Structure formats: C-alpha cells, structure tokens
Amino acid sequence: MRLEKLRKIEELGVDPWGGRFDGHQPIAKIRELPVVAFDDHPTEQVKAAGRIIQKRDQGKLFFLDLWDQTGKIQIMIGQKQVGEECWKLVNLLDIGDLIGVEGVFGKTRKQELSIRAEKITILSKSLEPHPTSYFGMENIEFRLRHRYLDLIHTPETLQRAKQRVLIIRTIRQFLDNQGYMEVETPTLHAIAGGAAARPFTTHHNALDIDLFLRIALELHLKRLLVGGLEKVYEIGRVFRNEGISVKHNPEFTMMELYQAYGDYRSMMELTENLLVACVDALGGGRVRPWADKTIDFNPPFQRAKYEDLFREHVGCDMHNEAEVLQAAQRMRLKDVLTKEHDVRVHELFEACVEDKLVGPVFVYDYPAALCPLTKRKRENPKIAERFELYVHGMELANAYTELNDPLTQEETFKRQLAGLPEEDSMAKMDHDFILAQRHGMPPAGGLGIGIDRLVMLLTNTQTIRDVILFPLLRPEA
RNA sequence: GCGUCUGUAGCUCAGCUGGUAGAGCACGAGACUUUUAAUCUUGUGGUCGUGGGUUCGAUCCCCACCGGACGCACCA
C-alpha cells in the first residue's frame, strides 16, 4: 500500500527519501514567534522539518500535525495555496512520513498555532504504519523492542532521555570545574577486578587469550592516581553477567572518580554537592516525587553509622559473633555456618536494614572484610572507611578512603581468594595492580555512582529499563 | 532457576460452558478550504505467539516450547 504511494511519488519526479534540508527552525522556537491570525495576513516566514503524526483531511484543505524533538505544530495546506504539483504530493503523505515545510506562521480561526504551507518537501517516506498517536503504545515489550517508536509516540520516553543527558552533562561540568580530568580506560580486562560480580568472557584471536568485559572502573583509575593524575574520573559502561531486574541491567553506566589526598569524608561532601547540582539542573525543586513517596535532596543528607543501623534493626551488636550467628539463624539465612562473621553481618544488614533506608542517607564505616580495596580505620582495623548512599533502599553511591598500602592490599586479595570461587570474590589477585601500588599510590578518596539509578531517582522512574534506551532483551524467536 | 500472570488486525482493546473472530484508530475509495481523537459514506485487513494433545469441532480446555510483566532466588 505504502509502496504504491512510494512509486507514485517517484512518478512525480520527487525523491521520496529526501536529502539535505537547511535552515529549518526547531518547532518550539517557531511557536515562540509573535503570532497573527491568518485572516489578518501574517508575514512571518518559517521553515520546519519533522514527522507527520496526525492528519485531518478536509478535502481541498489538509491539516497535519508535524512533530520534531522540540514539539509539534499544525500545518495547514490548501490546494489553491500550494499549487497542483505539490498538492499531488500532499495527497500521497501518510502518518509517519518526514517532511519539510516552508510557509507562513500564524493562527487559524480556532486559534491553533500553525504553519500555512507554501512548499512541502518530502524528506522520507515511512513504509510501515506508526502506532496511533491517541492510544499510544501500551505494550511494554513492544515499546522496548521499538524504542524509536516509543521516543516518537511516548512523550515521557523522550523526556527521560533528555533528562539523562542533562544529568550526565551536569556531572561532567561539575567535575571539570573542580579540576577533574576525564579519562577512558580499557573495557577489555585480563582480570575483571574492582567489584564482586561475574564477568562476561570474550576471546582475542590474535593474542589467543580470554578476556573479560570490565565489571568496574576502579583499578585502572587508581593506576592513574599512581601516575600523577590527582583528580580523575570516568563515566563508562560496565558489564556484569548477572540477573536482570528493575534495578539491574547486564550493562550499565558507572561514574567513578578518585581524588588524591582526599578520603571518604571528602567524598561525602562531594557526593552531596554533585547530587544537588544534578537535582538543581533538572529544575522542579529539591524535594522530588518517587512513586507515591518523595525524596528530599536538601543537604545535608542524613549520616548513619553502619554499626548503629545494625543494632537498631537487627537487634544485636555486629561485633558479637555469637549473637550475630543466632540472628542469622533466626532469619534463616542460607549456609550461615560456613560463612565468615562479616559476611553474615552484611547479609543481615541487607535483609533487615536496606529496605528501611529512605534516605538519602550516607551509611558509613563498614565491616572491613567486605571491603578489600578500602583503607581500615587507624584505631580499629575491623572497620573500613567506606560509605554507601542509600535512597529508598537503593544503593546509589559507594565510596572509600582508598587502600594505598600494597602490602595490606596483597593480603586482602589473598584472604578473599581463600575458600571462595574466584568469580564470587570481589578481590581477584591482581599482581599488576599491586605492582603499581608499590610505586607509591597517593592516599585518596574514591567514589562510584550508578548513573542509571541516579537517573531513575531523579526522574521518578521505577524501572532501570526506562532510563536505558536499549535495555537487554532476549532476542525474539 | 522457581512461582503467578500474560501473548487476538500495524496500534489500543473486545470476544468465546468449545461451533475457525469483532470495534476504534491506522490504511484504500468517495464527499468536504478552518480542522485538531475532524466528520459522513464505504471497503481492505487475522496461521487468535509456536508445536503437540483432547474433541465431530480448539482463539477458548490440557501439555511442551518461545517471548514478556511481576514476585522470589541470585546480584555487597
């Protein structure tokens, strides 16, 4: 059917696939121009390009709704006004086609801002019918598999995509202004370290070696600290070969930064300032909606010691091994007996505390065994100088005072390796990294933020797949 | 991986104690130079996710498989 029209357009001597179309204005800008009713003979010449999303055929007069990234506007096309050749073309237009319009800006008798077309240029024919604009796209799978249509026909999807860009741009500006240097480190790793996650495996043919897609940015950025890049960050994709959920996509975007001569306290300040900058950049105030609740981003954020939260919600002292074991058994945690104390502690924390954290709240001072890359407190080596920022039960940021002592680092790597399948261990022995550290790594604060989750929280989006344009889906049969 | 729900026209959805399907929009034809979910007349459009089974007969019941949603598990 549409192929038939395509042929007819070609018979008119017109290229249905268009070409360069210069000098058009964004529709939103056109709508801001001073407006005169068509009956009062406006003279404002405008030029727009976009997609036809609706058509109202009035015989010798056509009304189209033209849509571009910035907005939509009505196009009025009269047979007498555009001439015979153009009129033939207009009759071959469908919803979904891309066109260029040149004409006069004004408003109709019904007060609708419009462009009265003098010339129509077809820029591309749509051979497939588009979803109807009124009913939109309800089927989630259909939207995800046809994100290009979702962006056109679901305003919120485009809105979120734009907000994501704005958030990332704000982070870059914020960090660049503070003298941070943005770098790119490898995504192909020989050892997938820096976090506890199963990596994706791939193979390099020429070298005939297996490689892993990175699960974190950490270890290369720290090598750069050794190399004298004192304030460094990267925003990049990481890959974890694990389950998919409303909070997890196999590939997601991390921002990690490192500041020489800082610690986790300086990271706390920075995190707070950075988030507030993002919130302010989006507009709409610092108290933001989240499902049927709200999130208050007004600083200072709450600060809570891990140990205190543990006592409050689990009901015992996290250092008391016997009580912790009892609590773990009471909660029916799996394999309690085979796990070491700190692991039990954290499983209890996740089971009893996490969901109760409304936040934003900095939870700080973690059991050391959970944190092989973190500096221990000088006065208490069982505690690591780490915090996580929680918002409505979601981990949004993670920061350490970085461990810069290569001897301790080697020990924590070894200790983590003992008795654990390597892929389950956060610390994979990485001699090359330790060698770098042995050349003198500055004391530093480090911070990681899950960008996708940040976008979720700031845009009131309850599922990660709606802040990622193309989330992973199983291919259709 | 387990459990619950789900898959009908391009889109949004009806339907049926089991008798091989309907609407709106979109698309085609016709009328209309101020419509805006345009309207009016009329027409086209479906392997009812796939494959088996039960049945005289399956979109409907049963089984398996393939997608998807949610929950649990996994994931600091």
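Chain letters run A, B, ... following the sequence lines, proteins first, then strands; residues in each count from 1. This is a predicted model, so every value here is computed, not measured. Heavy atoms only: backbone and side chains are in, while hydrogens, waters and symmetry mates are out.
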Visitor: Could you please name the partner base of G28(B), counting Watson-Crick and G-U wobble pairs only when both distances are under 3.5 Å?
Guide: U42(B)

Visitor: Among the nucleotides G28(B), U36(B), U12(B), which one has an atom lying closest to any side-chain atom of K5(A)?
Guide: G28(B)

Visitor: From the set U36(B), C32(B), U34(B), return the single nucleotide nearest to any side-chain atom of F63(A).
Guide: U34(B)

Visitor: Please tell me which of the listed nucleotides, U33(B), G71(B), G10(B), lies nearest to the side chain of V246(A)?
Guide: G71(B)

Visitor: Nearest-nucleotide wise, let me know which of I95(A) and I244(A) is further upstream toward the 5' end of RNA chain B.
Guide: I95(A)

Visitor: Can you check the I140(A) CD1 to U12(B) P distance for me, whole Å?
Guide: 11 Å

Visitor: Using heavy-atom distances to pick each residue's nearest nucleotide on RNA chain B, tell me which of E395(A) and K107(A) is more 5'.
Guide: K107(A)

Visitor: Ignoring hydrogens and angles, tell me if any N or O in the side chain of S126(A) forms a donor-acceptor pair with the backbone of D97(A) under 3.5 Å.
Guide: no

Visitor: Is a salt bridge present between D405(A) and K375(A), judged by a nitrogen-to-oxygen distance below 4.0 Å?
Guide: no

Visitor: Tell whether D57(A) reaches the base of C32(B) with its side chain through a donor-acceptor pair below 3.5 angstrom.
Guide: yes

Visitor: What distance, rounded to whole Å, do you find between the two P atoms, one in C48(B) and one in C11(B)?
Guide: 15 Å

Visitor: Among U36(B), G10(B), A37(B), which is the nearest nucleotide to the side chain of P129(A)?
Guide: G10(B)

Visitor: If you measure from the P atom in G51(B) to the same atom in C66(B), how many Å do you get, rounded?
Guide: 15 Å

Visitor: Got a donor-acceptor pair under 3.5 Å from the side chain of E112(A) to the base of U36(B)?
Guide: yes

Visitor: With sequence neighbours left out, write down each residue that passes side chain to side chain contact (heavy atoms under 4.5 Å, CB included) with D317(A), or none if nothing qualifies.
Guide: H319(A), N320(A)

Visitor: Is there side-chain contact between I120(A) and L93(A), with at least one heavy-atom pair below 4.5 Å?
Guide: yes

